[in-house]
Amino acid sequence: MTTASDPSYRARPLDFVRFDPTQMRDRARSWFVEMDRRRSVRQFSTEPVPHELIADAIRTASTAPSGAHMQPWTFVVVSDPDIRARIRAAAEAEEEKFYTRRAPDEWLEALAPLGTDAVKTHITDAPYVVVLFRHRHGINADGSIRKYYYTSESCGIAAGLFIAAVHHMGLATLPHTPSPMGFLAEILDRPGNEQAFLLLPVGYPAADAQVPDITRKPLDAVATWV
Ligand code: IYR
């Protein structure tokens, strides 16, 4: 059994910034207001975006807590237009089947207020498509398998931080889940332990971008206090 006295456990003091109560209230509110303005964007401008911004969004995402700190993710940043075109064609082929055959009516009815369809212009319009791959397990130096834990939860949290970072820096994104996503590992030539988790186009919204006129559940519908 390993314990906090195990030699692999090395501790250092926490770097924690404490704010006064007024600052805390202000920060809580202004962060909520900023995040509440975030919308998933489906129409992107082709305007270029500095590479360094995407790098910082990934740095932020990779601060996510993860099971046993295994950080089970790879972010593949695709800017090459030919590769984005191939990804779009493959995604649209799957989506076409989804919208015309695979999706049950109940699912299509749930999606109707979002106005989505099989056409995925965001993949070729946005200057970057970031594909988040989940590592099902790791590989040790000797080639054996290293077990990872809670990889979906870990990648979900990392994706959330990525989305928040992109919004905070003044860009837009969309968590897109073409299903099935197997073609992404193939086109991007990922190793067998990696599985595509989420596709995130990143860029400026198109000048005439529109979003569905929908609202979020109020606090009392999403939280209960005991
Ligand atoms: N993957 C499809 C369908 C889709 C599914 C859900 I759940 C959404 O919230 C939105 C879309 C698509 O991307 O169109």
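Atom set for the values below is all heavy atoms of this structure, side chains included, hydrogens, waters and symmetry mates excluded. Whatever order the structure lists them in is the order used to number ligands and atoms, beginning at 1.
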Colleague: Looking at non-hydrogen atoms alone, which of L114, L108, L111, V119 comes nearest to atom 5 (C) of ligand 1?
Modeller: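 The nearest heavy atom belongs to L111.
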
Colleague: W107 and F98: aromatic ring centres closer than 6.0 Å?
Modeller: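 Yes: the rings meet the under 6.0 Å criterion.
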
Colleague: Ion pair present between R102 and E94, side-chain N to carboxylate O less than 4.0 angstrom?
Modeller: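 Yes, charged N to carboxylate O under 4.0 Å.
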
Colleague: Decide whether a cation-pi geometry holds between R27 and F19; the criteria are a distance under 6.0 Å from NZ or CZ to the six-membered ring centre and an angle within 45° of the ring axis.
Modeller: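 Because its charged atom sits under 6.0 Å from the ring centre and within 45° of the axis, R27 does stack over F19.
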
Colleague: What I want to find out is whether E52 reaches R59 closely enough, with some N-O distance under 4.0 Å, to be called a salt bridge.
Modeller: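 Yes, E52 and R59 are salt-bridged.
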
Colleague: Short N/O distance, under 3.5 Å, between Y99 and ligand 1?
Modeller: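 For ligand 1, there is an N or O atom that lies under 3.5 Å from one belonging to Y99.
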
Colleague: Only heavy atoms of K120, strictly under 4.0 Å: list the atoms of ligand 1 that pass.
Modeller: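 This gives 12 (C), 13 (O), 14 (O) as the contact atoms.
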
Colleague: What protein heavy atom lies closest to atom 7 (I) of ligand 1? Include the residue and the distance to one decimal.
Modeller: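 Checked against all protein heavy atoms, atom 7 (I) of ligand 1 sits closest to W107 NE1, 3.6 Å.
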
Colleague: Quick one: which of E95, H176, E92, M181 has a heavy atom closest to atom 1 (N) of ligand 1?
Modeller: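 Among E95, H176, E92, M181, the closest heavy atom to atom 1 (N) of ligand 1 comes from E95.
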
Colleague: Do P201 and Y128 have side chains that get closer than 4.5 Å, going by heavy atoms?
Modeller: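 Sidechains of Y128 and P201: no contact.
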
Colleague: Could an N or O of ligand 1 be found under 3.5 Å from any N or O of R42, whether backbone or side chain?
Modeller: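 No, since none of the N or O atoms of R42 sits under 3.5 Å from an N or O of ligand 1.
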
